[in-house]
Amino acid sequence: MKRVLSLLLILAMSFGLLACQEVNPTATTPAAESTETVTDVPASPDSSDTEENTETGAPVSTDGVVTDDSAALDSVTLKERYADTFMIGCALPLDLMKNPISSGLFLEQFNSITMENEMKPDAMLNQTACIKALPASYTEPVLSLSKLDSILSFAQENGIKMRGHTLVWHSQTPKWFFTEDYTANGALVSKEVMLQRMESYIRQMITYCEDNYPGVVYAWDVVNEAVDPDAGNDPNGYRTVDSMWYKVVGPDFIEAAFTYARKYAAEGVHLYYNDYNCSLKVPQLKALLTKLHDKGLIDGMGMQCHLSTSDKIANAVYYTAVSLAETGVMISITELDIGVGESSSLETQAMKYKVLFERMEEAQKSGKLQIESITVWGLYDQRSWRPGEQALLFTKTENGLEKKAAWYGAMQASDILAIEW
Ligand code: XIL
């Protein structure tokens, strides 16, 4: 049975699936050209009569028992599997962090956390308090910093390290932050005032975390999604459309954010530029990374990697990472998920996860890349920001949260084929 499925998979793939762009609701870029890359085809695995659990895609034998290799993997967790290689992270929303079942699974499998929304500017900035505290708050915005306590203490108590996501972003940042009176319809402040607000915001976020929970946040996404040559006409390819930062400060806002972050971050805390669809904007990203790296302002490039089963890992992730790393920065995969396309399957998804982890592990071990962490963007499919795409490693069934074939892929189970990438 498994051999038949494998053959079908090989056939399907030999027709060539188009590489397509990473998912991002704000993206307006066209799909990437297909870069058909087929690597060594390993021999078909042993065919003990196996098929897939239709709900999770996990490999099981016809009598319902998980196949040998997968069964052996069940005694190991993701964070154990990659303990010597890179940190393994997961994005969580606050309610799942507080739910014992979800947080139990999270703590079992992961050693790095990113808050899905709770540390973004729209969650941290307190409009009522900003207005009330005028004029003192004119250049010193008021933040709801105590909201961070339950988040950071969860991480601290459980020995989990955190990626701070995200300080400066065009999205999930209220327009009122940029106005004279902190109301949505107020006149925009000057560039100088906005830079003072930016410095204050970055200082408050970084120092609150560091002073109260030292060592928990190991990396900050200082600037998120600022490069998009198709979203405006900036000569560097920076996004101008929908960006209040660009509108009020101009293209200098990126370097300013890194300058402030460097000023306040503790030694050893890593500063990242984070972006999506990286394979489509390598030249612009490299120019930005080089500029920041030459000034000692940046440590890492975060590649979001919101992928689909039709994406080529080679192009969308591996060679893009290698090229970006030439600028001297380390790499993290910061928001990984792989949506299952309509004509695709959970098995193809598992294969993609496998190839990605395999290649990144190899790149790390051979020294081709310096990879700090790989983070999946959510714990289980039903709570993914991409509903209906079954993009993650776990699924919720009537039996609880279960591993999908994708999890076995991420663990590099030998009975999951990874014939093309
Ligand atoms: C997403 C969250 O997952 C959603 O819950 C929210 O509604 C929108 O933002 N790039 C990023 C992440 O950097 O912060 C985004 O997270 C996904 C795309």
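We use all heavy atoms of the structure for the numbers below, so side chains are in, but hydrogens, waters and symmetry mates are not. Start at 1 and go down the list; that is how both ligands and their atoms are numbered.
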Check ligand 1 against [X] and write out every atom of the ligand that is under 4.0 Å from a heavy-atom position of the residue.
X      : result
Asn224 : 11 (C), 13 (O)
Glu225 : 10 (N), 11 (C), 13 (O), 18 (C)
His306 : 17 (C), 18 (C)
His165 : 11 (C), 12 (C), 13 (O), 14 (O)

Part of Asn117 within contact of ligand 1 (heavy atoms, under 4.0 Å):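 Side chain only; the backbone of Asn117 stays clear of ligand 1.
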Would Asp275 and Lys281 pass as an ion pair if we require N to O under 4.0 Å?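 Salt bridge present between Asp275 and Lys281.
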Should Lys404 and Asp381 count as an ion pair when the cut-off is N to O under 4.0 Å?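 Salt bridge present between Lys404 and Asp381.
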Donor-acceptor pair, distance only, cut-off 3.5 Å: does the side chain of Lys147 make one with the backbone of Leu143?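 Answer holds: no.
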Going by heavy-atom distance to atom 17 (C) of ligand 1, choose the closest among Met119, Glu335, Glu116.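 Result: the heavy atom closest to atom 17 (C) of ligand 1 is in Glu335.
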Flag the pair Trp385 / His306 as yes when their ring centroid distance falls below 6.0 Å, and as no otherwise.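 Yes, the ring centres sit under 6.0 Å apart.
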So for Trp377, does at least one of its heavy atoms come nearer than 4.0 angstrom to any atom of ligand 1?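 Right, Trp377 reaches ligand 1.
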Quick one about Ser373 and Ser332 (side-chain donor to acceptor, distance below 3.5 Å, no hydrogens or angles considered), yes or no?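 Per modelled atom types, Ser332 and Ser373 side chains form a pair under 3.5 Å.
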Examine Lys120 against ligand 1 and note whether any of their N/O atoms are separated by less than 3.5 Å.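 The answer is yes, given that Lys120 and ligand 1 share an N or O pair closer than 3.5 Å.
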Does any N/O atom on Trp169 come nearer than 3.5 Å to any N/O atom on ligand 1?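 No, no N or O pair falls under 3.5 Å.
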Report, as yes or no, whether the 6.0 Å neighbourhood of atom NZ on Lys247 holds more than 12 heavy atoms from other residues, nucleotides or ligands.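 No, the 6.0 Å shell around NZ holds no more than 12 heavy atoms from other groups.
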